[in-house]
Amino acid sequence: MGPHPAVAAIRLAVRRVLHDVLTLAPPAAVPSAAGDRPPLVLVACSGGADSMALASALAFEAPRLGIRAGGVTVDHGLQEGSDLRASEVAIRLAAFGLDPVETVAVTVGRDGGPEAAARDARYTALDAVADRLGAAAVLLGHTRDDQAETVLLGLARGSGIRSLSGMATASGVGGRYRRPFLGLDRQTARKACLVQSLPVWDDPHNADPAYTRSRVRHEALPVLEKALGKGVVEALARTAQLSRDDADALDSWAAAVEPSVRDDSGGLEVAKLFALPPAVRRRVIRRAVIEAGSPAGSLFARHIEEVDRLITGWRGQGAINLPGRVAVRRQGGRLVLRQG
């Protein structure tokens with residue numbers, strides 16, 4: 001008798017990602033006499049149902065493909081006893097047979113709000129561990145439900161098509177971060193934990209209405225499903241994929257055209273920018289602003305729109321000041337970008 005359908009589904013999703021890792025790192029997949037080691041794949045585990053199901057699937061599938069499997073849990077220090085909980089998660093990961101297993105404590109700042117600050121601290125820690133251990137990939141337990149929530153948050157912020165594209169199946173430098181469960185719902189992961197008798201921890205922050213994502217999860221999505229019927233989560237996740245395809249195409253167009261709108265000094269020529277479709281022009285502007293030193297995570301649609309008005313609504317206005325102390329001004333038919 002085979003595994004429970006939920007367990008089979010999560011294992012299949014992980015197996016597909018591991019095959020991709022082997023494809024991208026073929027020399028390391030077969031150890032040689034020179035001492036090469038198989039690729040290492042880490043799972044980022046909070047102890048919740050999604051990441052515990054992911055950890056169990058990785059522990060099952062990795063040895064069958066000749067891949068080393070490890071785990072890392074991040075202690076954000078935001079709740080009393082979080083250090084003990086992180087230690088418990090590490091013990092469970094080790095019991096799966098994962099090796100190495102690491103616990104990393106981080107300090108969460110305040111920039112961008114509590115959720116963004118915690119996310120930034122977590123990814124910084126995961127990057128550091130992956131770099132130090134030479135991991136080929138880090139698996140994350142985001143599900144289709146998480147994707148739907150991300151799309152709704154993007155809609156509410158009016159951030160444009162890139163925001164509506166949600167989370168990518170692979171992101172980070174070299175596609176380091178992998179999300180095998182974006183095609184699976186949250187209940188599948190929870191069911192997989194239940195039938196395998198895996199203990200899970202339900203983070204109280206996930207139900208705290210002080211957090212925007214929690215309100216989307218427990219208030220906004222249920223209201224939409226009540227008004228529109230079942231299938232809202234699947235539709236939002238499908239919207240994310242379609243939006244990502246469109247955004248990727250527009251980004252490629254902008255990257256290809258950008259050199260043609262720059263002059264010899266590196267400035268952007270207003271007339272050539274004006275001739276571009278607005279979606280492409282704004283992407284060219286964004287690329288140029290980031291190159292000038294503005295942090296990508298601090299740039300919002302309103303910033304790019306203000307710069308765009310130097311092209312489309314020029315009335316002699318002064319410089320536009322952007323995050324990262326980048327100033328953009330129109331001068332002699334060009335946009336000049338300077339930091340500091």
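Computed over heavy atoms, backbone and side chain alike; hydrogens, waters and symmetry mates excluded.
We find the CG-CG distance between Asp131 and Leu126 to be 11.0 Å, quoted to the nearest 0.5 Å. Of the inter-residue distances, the one linking Leu18 atom CG with Arg178 atom CZ reads 9.5 Å to the nearest 0.5 angstrom. Here CZ of Arg92 is found 13.0 Å from OG of Ser56. Values are rounded to the nearest 0.5 Å. Thr143 contributes atom OG1, which lies 11.5 Å from atom CG of Leu54 (distance to the nearest 0.5 angstrom). Remark: Arg179 CZ to Asp146 CG distance equals 10.0 Å, nearest 0.5 Å. Taking CG from Leu155 and OG1 from Thr239, the interatomic distance works out to 8.0 Å, rounded to the nearest 0.5 Å.
Inter-residue side-chain proximity for Glu219 and Pro209 is flagged as met; some heavy-atom pair is nearer than 4.5 Å. In this structure, the side chains of Val328 and Ile285 stay at 4.5 Å or more apart for every pair of heavy atoms. Side chains of Tyr123 and Leu140 form a contact here, defined as non-hydrogen atoms less than 4.5 Å apart. Proximity of Arg217 to Arg186: side-chain heavy atoms (C-beta onward) are separated by under 4.5 Å at one or more points. No side-chain heavy atom of His303 sits under 4.5 Å from any side-chain heavy atom of Ser294. In this structure, the side chains of Lys191 and Thr188 stay at 4.5 Å or more apart for every pair of heavy atoms.
Asp127 and Thr124 form no side-chain donor-acceptor contact under 3.5 Å, judged by distance and modelled atom types alone. Residues Thr150 and Arg213 bring a donor and an acceptor atom of their side chains to less than 3.5 Å of each other. The closest side-chain donor-acceptor pair between Ser243 and Asp246, if any, does not fall under 3.5 angstrom. If you check the side chains of Thr312 and Arg281, you find no donor sitting under 3.5 Å from an acceptor.
The 12-atom threshold is not exceeded at CH2 of Trp253, counting heavy atoms of other residues, nucleotides or ligands nearer than 6.0 Å. Atom CZ of Arg329 is surrounded by 12 or fewer heavy atoms from other residues, nucleotides or ligands within 6.0 Å. Counting non-hydrogen atoms of neighbouring residues, nucleotides and ligands closer than 6.0 angstrom, the CZ atom of Arg215 exceeds 12 such neighbours.
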- Query: Checking side chain to side chain contact (heavy atoms under 4.5 Å, CB included) for the pair Leu268/Arg334: CA distance, chi angles, key distance, verdict?
  - Reply: CA-CA 5 Å; Leu268 297 170; Arg334 299 180 305 140; over 6 Å; no
- Query: Stepwise, does the side chain to side chain contact (heavy atoms under 4.5 Å, CB included) test hold for Val14 with Ile10?
  - Reply: CA-CA 6 Å; Val14 169; Ile10 66 168; 5.6 Å; no
- Item | Step-by-step side chain to side chain contact (heavy atoms under 4.5 Å, CB included) determination, Arg162 to Arg286 | CA-CA 12 Å; Arg162 177 54 72 187; Arg286 180 178 174 82; over 6 Å; no
- Stepwise salt bridge (charged side-chain N to carboxylate O under 4.0 Å, His left out) check, Arg309 with Glu306: CA-CA 5 Å; Arg309 273 193 279 273; Glu306 285 297 316; 2.3 Å; yes
- Message: Checking Asp75 against Arg122 for the salt bridge (charged side-chain N to carboxylate O under 4.0 Å, His left out) test, could you report, in this order, the C-alpha distance in whole Å, the side-chain angles of both residues, the deciding distance, and whether it holds?
- Response: CA-CA 9 Å; Asp75 173 16; Arg122 180 168 58 254; over 6 Å; no
- Item | Derivation of the side chain to side chain contact (heavy atoms under 4.5 Å, CB included) call for Val307 and Arg282 | CA-CA 9 Å; Val307 177; Arg282 289 176 186 140; over 6 Å; no
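Contact detail for Leu224 and Val232: the closest heavy-atom pair is O-CG2, 4.0 Å. Scanning all heavy atoms of the two residues, the minimum distance from Leu58 to Ala69 falls at CG-CB, 3.8 Å. Closest heavy-atom contact between Ala136 and Pro39: CB-CB, 4.1 Å. In this structure, Val21 and Ala137 approach most closely via the heavy-atom pair CG2-CB, 3.9 Å. Heavy atoms only, all atoms of each residue included: Gly71 and Leu42 are closest at N-CD2, 3.9 Å. When every heavy atom of Arg283 is checked against every heavy atom of Asp251, the shortest pair comes out as NE-OD1, 2.8 Å.
Between Asp263 and Lys272 no salt bridge is recorded (no basic side-chain N to carboxylate O distance below 4.0 Å). Look at Arg68 and Asp99 and you find no salt bridge, because none of the NZ, NE, NH1 or NH2 atoms lies under 4.0 Å from a carboxylate O. In summary, Glu61 and Arg64 do not engage in a salt bridge, as defined by a charged side-chain N under 4.0 Å from a carboxylate O.
Proximity of a side-chain donor or acceptor of Arg144 to a complementary backbone N or O of Glu234 within less than 3.5 Å is not detected. Using a distance-only test at 3.5 Å, with no hydrogens or angles considered, a donor-acceptor pair links the side chain of Thr73 to the main chain of Cys45. A donor-acceptor pair is defined here as one N or O able to donate and one able to accept, closer than 3.5 Å; such a pair exists between the side chain of Gln339 and the backbone of Gly324. Remark: the backbone N or O of Leu236 is not paired with any side-chain donor or acceptor of Gln147 at under 3.5 angstrom.
Shown are Asp202, Asp185, Asp145; of these, the salt bridge (Lys or Arg N to Asp or Glu O under 4.0 Å) with Arg190 is made only by Asp202.
Pairs engaging residues 53-103 under the ring-ring contact (aromatic ring centres under 6.0 Å, His included) rule: none recorded [sequence neighbours left out].
The hydrophobic clustering, which links ILVMFWY residues whose side-chain heavy atoms are closer than 4.5 Å, places Met52 and Val17 together. Linking ILVMFWY side-chain heavy atoms closer than 4.5 Å, directly or via other members, places Phe274 and Ile320 in a single hydrophobic cluster. Transitive grouping of hydrophobic side chains (ILVMFWY, heavy atoms separated by less than 4.5 Å) brings Ile311 and Leu250 into a common cluster. Clustering ILVMFWY residues whenever any of their side-chain heavy atoms sit less than 4.5 angstrom apart, transitively, puts Leu182 in a cluster other than the one holding Leu139. Note: the hydrophobic cluster containing Val216 does not contain Tyr211 (ILVMFWY, side chain heavy atoms under 4.5 Å, direct or indirect links).
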